[in-house]
Amino acid sequence: LLSSPDTAAAGVRLAERAQDASVVKALSATYAATSDRDLRFRIIAALGRGVAVDDGMKILAGLATDPRLGGDAMLAIARSPNASATATLERLAGVRALRRLAVRGYVLRALVRHERSGALDRAIDDLHASRESADRALATFARVALGREDASRALDDRDPAVRRAAAMGTLSRWNGRTLPDSETLLRRWARETDEPTRAVLALGLLDGDPGALVPTLGLEARVEAGGADAPLAATALAARKGDAVKDRVDALLASTDPILRAHVARGLGASEEPSATGRLAEASRYEAEPLVRLAETTALARRAPAPVRDAMLGVAARLDPEARIREIASRALAGAPAPAPWPVREVAWLRVATD
């Protein structure tokens, strides 16, 4: 299958599930013979999934030097179930030009596959001692994410790139409901002067800021700015109680941006404002976006029983086309808690490229 251009894609799909040395050799030959970039991506992924032999790891280690596909090769090594994958990352971290990429792969592997390496921890410490901002930022991210450094110390670093990296590293402790470092992030947010760093520190708003560490005017300003942190700021703003913010929250609930509407609904679900239930029910009556309906239904499920709440949940339980929304509504009407957050920890590996 791999030897023919007409069936190579099917061969790659099968190679993801079963490999031996000859299949790995055929994958390598197909990679060299094709100019189809998508097929090359799939071959790289297939090589990473083989466990029968170590040949695939050797090929991926060679591809890691490719400026276009090296990141994907490192990703395949980092996620691989192959027993030699961690050792491969250790060898690649010894190559100066690949050290940062290998450390990223190690962080992913440690978080997702729970494999740790003393050699790679030392590579991280070497980067942390570097004078280069990119080295120190990556090392700080890795140390915080892997629980080897407290974020509060790194958040006082003079380099804003390091402060951003520390904030992002705290996400490894997010469990779907709470972020243990949220107060630390928000207290730093109050005195942060670097604008991109302020946006990243807004990760502390994942908890909704129940302690009101960020002033209401500060939340309104972040929403108005429309940056990456605007949805989280909208969630925290919607959770605030009082007439002073009611009109602003209602305007956001009617926004043309579905992401913003969904976050406002989540905030209203946690609000102590008595009118929040009715406002949520009214907003969900004509909502077309599944993402927003999911947020509104989940928010209504969190509210205390009331006629308008139960009526809208009843409609969702019977008529919503999304099975997940019907389930949440049905559970809420039966007095059962909403389904727990997905328990698997994941890591996003992004490729940033120019045109």
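None of the values given here were measured: they were computed from a predicted structure.
Checked for salt-bridge contact, Asp55 and Lys25 miss the test: no charged N lies under 4.0 Å from a carboxylate O. A salt bridge links Arg173 with Asp181: at least one charged nitrogen is closer than 4.0 Å to a carboxylate oxygen. Classification of Arg198 and Asp229 as a salt-bridged pair fails, no side-chain N sitting under 4.0 Å from a carboxylate O. Between Arg100 and Glu132 there is a salt bridge, since a side-chain N of the basic residue sits under 4.0 Å from a carboxylate O of the acidic one. With salt bridges taken as basic N to acidic carboxylate O contacts below 4.0 Å, none links Arg303 and Glu273. Salt-bridge formation is detected for the pair Arg285/Glu282: a Lys NZ or Arg NE/NH1/NH2 atom is positioned less than 4.0 Å from an Asp or Glu carboxylate oxygen.
Here Leu111 contributes atom CG and Ser172 contributes atom OG; the two are 5.5 Å apart, rounded to the nearest 0.5 Å. Put simply, CD1 on Ile77 and OH on Tyr106 are 15.5 Å apart, with the number rounded to the nearest 0.5 Å. Taken from CG in Leu201 to OG in Ser182, the straight-line distance is 12.0 Å, to the nearest 0.5 Å. Here the straight-line distance linking atom OG1 of Thr178 with atom CG of Leu206 works out to 10.0 Å at 0.5 Å rounding. Atom OG1 of Thr65 sits about 9.5 Å away from atom CE of Met74, to the nearest 0.5 Å.
With hydrogens and angles ignored, the 3.5 Å screen pairs a side-chain donor or acceptor of Arg188 with a backbone N or O of Leu155. The backbone N or O of Arg326 sits nowhere less than 3.5 Å from a side-chain atom of Asp320 that would complete a donor-acceptor pair. No side-chain donor-acceptor contact under 3.5 Å links Arg331 to the backbone of Glu327. When atom types are taken as modelled, the side chain of Thr235 and the backbone of Gly208 share no donor-acceptor pair closer than 3.5 angstrom.
Considering Arg164, Arg163, Arg187 as possible partners of Glu192, the one that fulfils the salt bridge (charged side-chain N to carboxylate O under 4.0 Å, His left out) test is Arg163. Paired with Arg261 under the rule salt bridge (charged side-chain N to carboxylate O under 4.0 Å, His left out), one option of Glu287, Glu289, Glu296 passes, and it is Glu287.
Residues Val347 and Val144 are members of separate hydrophobic clusters, defined by side-chain heavy-atom contacts under 4.5 angstrom among Ile, Leu, Val, Met, Phe, Trp and Tyr. There is no path of hydrophobic side-chain contacts, each under 4.5 Å, that joins Leu14 to Tyr31. Under a hydrophobic clustering in which Ile, Leu, Val, Met, Phe, Trp and Tyr are joined whenever their side-chain heavy atoms come within less than 4.5 Å, directly or via other members, Leu75 and Val12 fall into the same cluster.
The nearest pair of heavy atoms linking Pro231 to Ile259 is CG-CG2, 4.0 Å. The shortest non-hydrogen separation linking Asn82 to Gly50 is ND2-O, 3.0 Å.
Side chain to side chain, Arg136 and Ser133 fail the donor-acceptor criterion of an N or O pair below 3.5 Å. Thr34 and Asp36 are not linked by any side-chain donor-acceptor pair at a separation below 3.5 angstrom, with hydrogens and angles left out of the test. No side-chain N or O of Arg293 forms a donor-acceptor pair with one of Thr297 less than 3.5 Å apart.
With contacts defined as side-chain heavy-atom distances shorter than 4.5 Å, the pair Glu220/Thr216 qualifies.
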